[in-house]
Protein chains: 2
Amino acid sequence: MNGKPLFFLNCADCKCKSSIFKSLSDEELELINKGRFHVTYKAGEIIFKQGTPSSHFVCVTSGLAKIYIEGYGKNLILALIKPVDYIFGPGVYIDNKHYYSASAVEDSTACLVDTLIFKKLVRSNADFAEDFIRRLSNQTLFNFEQVISLTQKQMHGRIADALFYLSEKIYCTNPFNITISRQDLADISGMSKESAIRILKEFKEEGILTVDGNLFEILNIKQLKQISETG
Amino acid sequence: MNGKPLFFLNCADCKCKSSIFKSLSDEELELINKGRFHVTYKAGEIIFKQGTPSSHFVCVTSGLAKIYIEGYGKNLILALIKPVDYIFGPGVYIDNKHYYSASAVEDSTACLVDTLIFKKLVRSNADFAEDFIRRLSNQTLFNFEQVISLTQKQMHGRIADALFYLSEKIYCTNPFNITISRQDLADISGMSKESAIRILKEFKEEGILTVDGNLFEILNIKQLKQISETG
DNA sequence: TGTAATCATTGATATATGTCAATGAAGAAT
DNA sequence: ATTCTTCATTGACATATATCAATGATTACA
């Protein structure tokens, strides 16, 4: 419930706008601002659901969200989205459908912006278009790493990768407090919850990691890196 | 060695240009044409190698190529590229590096075009940029299907998916002659060559498939679809 | 403040899948 | 033809991983 002033901001003054918008002028930001909704989500709430039409893209302004594909009986978490980052699915330029679901992991707030406005700006502003393509490319590279980790590494390597992802990319500290569940950790690593927990236990026993509830600390980064690399 | 006249064509007259170029004017095509190389590859030859700098993108004009990530001890085939389709890796907009390798599966020919020209056209022609983004989006959707198949389906389902991919997307006939090896089939399906062969054998025994050397025929499409869906 | 509900943990077990080794078949080269 | 090399096939075996079931811990809640 903090951050209420955000409701009154416009995009041009927004202190926490996504870096994708840096190539936009104030007039262009005003365009975005006009088609914008500010929403709050409680932890666990669905932001959008795979298969539904997508008319807006989502910019997470506080909290933490996950995007995940609902597959055959289980979920694959594609990424965690933290402030200030945005969710722009591949369906927007194809058939305006969501190809994955998104939900709030922590209590979160987000801005929703009409994708038509976004597409218009892509056409009219080459810098913006290029930034967007760069962003799509980075996502693809991330997908590549992910698919190789998931298909060619054994569980230890995959958990190691997930731990580095959480520590380095999401929580950005080393003793870090995870706000995701063990099931989420398993859905990131493509394994069962039970297996994920067992690997954590092994890492603890080998002194690579300490786990106290949701507080994790990677003690032996070098060894964990090696586990990540040897699969 | 057929198709020699291709060497003398320019892009504007090319009968087999990739659909990505349909939004370009003759002048713009001439720009592409100027920075273009026509190359022939023998089956098995490497077109480019993961990790090397990428200055040109590749448009396959005859034959068949594969793009594959060289992972931890084995390869993952991301896609087969048939005429007329092009290979434009995600590194082009990031650091001009190849993030996967490409090689010719059959004797092939290709045009190489400077990526700088491509990027210039993306900036100057909004239709072209949008077509390109659409294409990137489609690739992402394909990646999603692939990662779900590879991580959430058992071997039977993955081989079923690979067979449909070959029959419907690549060779586009039902009794189809594969020009890829069993190892390639395994690298598409994310399993060992031996496992892939065993699954094929089971499908044969159940009357779902006939396999005579490299000639495949899917006999019971409905059943194979179901195997694909039940994982 | 207890009761339900969810989440985390652990053990036992079944099985999907990879690895290794051996053999057969099909081309390529001499 | 004959040898050599690559590719395909099969079997035996080891093991990585999921599933199921039970229990403990934590949180929501009324």
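We name chains A, B, ... by the order of the sequence lines, and we start the count at 1 in each one.
With a 4.5 Å cut-off on side-chain heavy atoms, B:Leu166 and B:Phe164 do not count as touching. Residues A:Phe144 and B:Asn143 meet the side-chain proximity criterion, which asks for heavy atoms closer than 4.5 Å. Side-chain contact check for B:Val84 versus B:Cys59: some heavy-atom pair is nearer than 4.5 Å.
No donor-acceptor contact under 3.5 angstrom links the side chains of A:Ser103 and A:Tyr41, judged on distance only.
Between the C1' atom of D:dT17 and the CD atom of A:Gln154 lies a distance of 10 Å, rounded to the nearest Å. Atom CZ of A:Arg198 and atom P of D:dA21 are 15 Å apart (whole Å). Rounding to whole angstrom units, CG of residue A:Asn214 and P of D:dA25 are separated by 16 Å. At whole-Å resolution of the value, CD in B:Glu202 and P in C:dT17 are 11 Å apart. Taking atom CD1 of residue A:Ile159 and atom P of nucleotide D:dT17, one finds them 11 Å apart after rounding to whole Å. When rounded to the nearest whole Å, the span between CG of A:Leu185 and C1' of C:dC7 equals 14 Å. In this structure, A:Arg182 places its CZ atom 19 Å from P of D:dG24, rounding to the nearest Å. Atom CG in A:Asp187 sits roughly 11 Å away from atom P in D:dA18 (whole-Å rounding).
Contact annotation: A:Ser192 side-chain N/O to D:dT17 OP1/OP2 distance is not under 4.0 Å. Close to C:dG18, at under 4.0 Å from its OP1 or OP2, lies a side-chain N or O of B:Ser195. Put simply, B:Lys201 has a side-chain N or O that comes within less than 4.0 Å of OP1 or OP2 on D:dG11.
Residue contacts shown for A:Ser181 are limited to sugar-phosphate atoms, with no base heavy atom under 4.0 Å away.
Taking 3.5 Å as the limit, the base of C:dC20 and the side chain of B:Glu194 contain a donor-acceptor pair of atoms between them.
At least one test fails for B:Arg135 against the ring of B:Phe88: distance under 6.0 Å to the centre or angle within 45° of the axis.
The side chain of B:Met155 lies closest to C:dT17, out of C:dT17, D:dT9, D:dA18.
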